[in-house]
Number of protein chains: 2
Amino acid sequence: MYIHYLFTFIADTMSIETDIKQKKFRSPYQRLALNLIYTTNWLEYKQLEFFKGHDITPQQYNVLRILRGQQTVPIKVSDITERMLDRNSNTSRLVDKLLAKNLAKRTSCPNDRRAVDVVITEEGLQLLAELDPHVDQWEDRFNIITPEEADLISALLDKVREAE
Amino acid sequence: MYIHYLFTFIADTMSIETDIKQKKFRSPYQRLALNLIYTTNWLEYKQLEFFKGHDITPQQYNVLRILRGQQTVPIKVSDITERMLDRNSNTSRLVDKLLAKNLAKRTSCPNDRRAVDVVITEEGLQLLAELDPHVDQWEDRFNIITPEEADLISALLDKVREAE
DNA sequence: GTACATTTAATGTAGTAACATCTATTAGTG
DNA sequence: CACTAATAGATGTTACTACATTAAATGTAC
């Protein structure tokens, strides 16, 4: 629970208005909705280009990160889905892709024979280690704004999702 | 060019941390990057569900809105692409879909015979008019935050994209 | 004006997403 | 326990995305 006092300089060039050539928005909320979609598409496109050079897709990377977060503890396919940024992906087939590249391995779960346990391999860990510095740099592209501003946006986005 | 003083209450439940079950982030920028992608996926999923009931996709709707914005002035396919939220879509085939539904019409451009002019039809305008109140309501789901907060996020997102 | 490069939109293709269905296993109920 | 419902994950199908290629028209350099 925090209180934020912000003093922020905002440039009025290259705004969402000029980017999508829409002069006027019905409300700040409309502008925000379109800006969120536009900015995230922009972000995901850059992400796609970045990962393409490493023979991996953003979703596959997302799964690998989840697996690494588990350390050596196996995780069920359905639990991977729950933690993904894009939960509409078919996790089953995503794991297939990682298996084919020897980045993950799959064992049947002893407690529940319907479930399948997934663990990251040494090779998967190596790939992530290799990517880490570049991903950090990629994420820190946002440092044009202050850490406090970044946290404020995060908190407001949380609030928006929570409202449902 | 504006100065913002903000006083904001932030709830600490149902944050991105609990949503994707990641306890800790490397930096506020990492949290923001993941939160943007997660929130926009959430938003787009809801959008998809909404439009599904009206036999139209979010991208098709986006094109229709651009066409309406032109009033009766025709617009080239390439100019539609420039104004789209997701510029990776194949605008040519999107316009095909609108044509098939009689929501838009296509005429060859007199100045440049390579180009194709697109205009919205009466039927397209009617569909948009029908959707307008629902879309407004959909966008205003964000009114859990203040208009000033919405504008602040928009401005910060603009700043982030501008930095490149 | 001819030759070559560029632009505009359409189309071909591979991979993926969205959604439904299927099989195997477990949970719940009488 | 038998029976039905629910769950986990795999798989089939359709549509769409991302990307490359093509075809036609225009621009540009000589």
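Chain identifiers are assigned alphabetically (A, B, ...) following the order of the sequence lines, protein sequences preceding nucleic acid strands; residue numbering begins at 1 within each chain.
- Distance CD1 (A:I80) to P (D:dG9): 8 Å, rounded to an integer number of Å.
- A:D117 has its CG atom 9 Å from the P atom of D:dG9, to the nearest Å.
- Using a 4.0 Å cut-off, no side-chain N or O of A:R106 falls inside it from OP1 or OP2 of D:dA8.
- When rounded to the nearest whole Å, the span between CZ of A:R114 and P of C:dT25 equals 10 Å.
- Here C:dG15 presents its C1' atom at 18 Å from CZ of A:F51, a figure rounded to the nearest Å.
- Counting to the nearest Å, the P atom of C:dT16 and the CD atom of A:E44 are 16 Å from each other.
- Residues A:Q60 and A:K101 have side chains that bring a donor and an acceptor to within less than 3.5 angstrom of each other.
- The local environment of CD in B:E49 is crowded, with over 12 non-hydrogen atoms from other residues, nucleotides or ligands closer than 6.0 Å.
- Applying the salt bridge (Lys or Arg N to Asp or Glu O under 4.0 Å) test to pairs two or more places apart or on separate chains, none has a residue in residues 52-62 of chain A.
- What separates CG of A:N111 from P of C:dT26 is a distance of 10 Å, to the nearest Å.
- Contact between the side-chain N/O atoms of B:S92 and the OP1/OP2 oxygens of C:dT11 is not found at any separation under 4.0 Å.
- With hydrogens and angles disregarded, a donor-acceptor distance shorter than 3.5 Å links the side chain of B:Q22 to the backbone of B:K24.
- The closest donor-acceptor contact from the side chain of B:D117 to the backbone of B:T107 lies at 3.5 Å or more, if one exists at all.
- Distance from the side chain of B:R113 is smallest for D:dA25 among the nucleotides D:dA25, C:dA9, D:dA6.
- In this entry the distance linking CG of A:D55 with P of C:dG15 reads 12 Å, nearest Å.
- Remark: side-chain polar atoms of A:N41 are paired, donor with acceptor, to backbone N or O of A:I37 under 3.5 angstrom.
- When distances run from any side-chain atom of A:D112 to the nucleotides C:dT25, D:dA24, C:dA9, the shortest one goes to C:dT25.
- Legend: salt bridge (Lys or Arg N to Asp or Glu O under 4.0 Å) pairs involving residues 25-47 of chain B, not counting sequence neighbours, sorted by first then second residue: A:D136-B:R26, A:E139-B:R26, A:D140-B:R26, A:D151-B:R31, A:E164-B:K46, B:E17-B:R31.
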Heavy-atom protein contacts under 4.0 Å, nucleotides 16-21 of chain D, coded B base, S sugar-phosphate only, - none: SSBB--

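- For B:K76 and C:dA10, the NZ to P distance is 12 Å, given to the nearest whole Å.
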